[in-house]
Number of protein chains: 2
Amino acid sequence: MTAERPAAGPSLDPDIAARLTHDANGLVAAVVQDAVDSRVLMVGWMDDEALRRTLEEGRVSFWSRSRQEYWRKGDTSGHVQFVRSVALDCDGDTLLVRVDQVGPACHRGTETCFVGGELPATVLSRAERRSHTDPSEPPNPKEDTAR
Amino acid sequence: MTAERPAAGPSLDPDIAARLTHDANGLVAAVVQDAVDSRVLMVGWMDDEALRRTLEEGRVSFWSRSRQEYWRKGDTSGHVQFVRSVALDCDGDTLLVRVDQVGPACHRGTETCFVGGELPATVLSRAERRSHTDPSEPPNPKEDTAR
């Protein structure tokens, strides 16, 4: 883990770098998804160098915004993320990284970072949904059996 | 769609708002996942008001950083996202929104925003991986049959 990138080190393929839309801090969001069961495990942040390391090493590296340094997932915890695939989204500001996860993904010891974070949300019934996709049909409460 | 939030309108439950870690622009990332097949469809951004609308209306709303306005997915395209669940991650800066997606999620007409964005990535073999999780065992090339 190196806090600053060596001036003369390898750099990200310029064709890939040109496709990225960085935020004000030079970062893109990286959604990490379990390649086996497709659960979303966590979201981290990558600059060009973290992405280069991830693509070349076969293990996921991030840029830590709080510590302002690179970190390779699992180096401290042993909970390594092995890369299966990496894809960039249509506007270039988000990566989807599919991984084989070793151990729990979350530093709290839970399998994902979203465990325990459920928020109360309205789930529309089938009848209620119909009025959103076909405005000519108002909701019919009698059909509401599948909320 | 309202560009500015009404001063006297409803607001997000303060207990939920207190759990959010906003970025410099008052936003959190929202990963949208298909509830049926678990594909990651897209990533958008929400402020407190977009989250309130999402939780209350049963449809996903975002804050558009480029247009600086709220947008409810599907109002223009018809490609509505019906909420199935919403969860906040362990550090409060990312939401996972599971949805029933109507039509393609991406404005390009593809099912997800990551279609066509695959980047070349190293995938380590089983033998190579072993040396990352058990340093006492160096990689054995003979075992490398499952790349």
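Throughout, a chain's letter reflects where its sequence line sits, starting with A, and its residues are numbered from 1.
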Could you pull out the closest heavy-atom pair between A:Ala121 and B:Val86, with the gap in Å? CB-CG2, 4.1 Å
Bottom line for A:Val102: the part with an atom under 4.5 Å from chain B's heavy atoms is side chain
Quick one: do A:Met42 and A:Val115 end up in the same hydrophobic cluster if we chain Ile, Leu, Val, Met, Phe, Trp and Tyr together by side-chain heavy atoms under 4.5 Å apart? no
Polar contacts chain B-chain A (donor-acceptor, d < 3.5 Å, no H, no angle):
| from | atom 1 | to | atom 2 | distance (Å) |
| --- | --- | --- | --- | --- |
| B:Gln33 | NE2 | A:Ser38 | O | 2.9 |
| B:Ser38 | O | A:Gln33 | NE2 | 2.9 |
| B:Leu55 | O | A:Thr122 | N | 2.8 |
| B:Leu55 | O | A:Thr122 | OG1 | 3.2 |
| B:Glu56 | O | A:Thr122 | OG1 | 3.1 |
| B:Arg59 | NH1 | A:His132 | ND1 | 3.0 |
| B:Arg65 | NH2 | A:Asp93 | OD2 | 2.5 |
| B:Val86 | O | A:Leu119 | N | 2.8 |
| B:Leu88 | N | A:Gly117 | O | 2.8 |
| B:Cys90 | N | A:Cys113 | O | 2.9 |
| B:Asp93 | OD2 | A:Arg65 | NH2 | 2.5 |
| B:Asp100 | OD2 | A:Arg129 | NH1 | 2.7 |
| B:Asp100 | OD2 | A:Arg129 | NH2 | 3.2 |
| B:Cys113 | O | A:Cys90 | N | 2.9 |
| B:Gly117 | O | A:Leu88 | N | 2.8 |
| B:Leu119 | N | A:Val86 | O | 2.7 |
| B:Thr122 | N | A:Leu55 | O | 2.7 |
| B:Thr122 | OG1 | A:Leu55 | O | 3.2 |
| B:Thr122 | OG1 | A:Glu56 | O | 3.1 |
| B:Arg129 | NH1 | A:Asp100 | OD2 | 2.7 |
| B:Arg129 | NH2 | A:Asp100 | OD2 | 3.2 |
| B:His132 | ND1 | A:Arg59 | NH1 | 3.0 |

Need one label for A:Ile16: side chain, backbone, both or neither, based on atoms under 4.5 Å from any heavy atom in chain B. side chain
In the hydrophobic clustering that connects Ile, Leu, Val, Met, Phe, Trp and Tyr at side-chain heavy-atom distances below 4.5 Å, which members other than B:Val31 occupy its cluster, ordered by chain and number? A:Val31, A:Val40, A:Val43, A:Leu96, A:Phe114, B:Val40, B:Val43, B:Leu96, B:Phe114
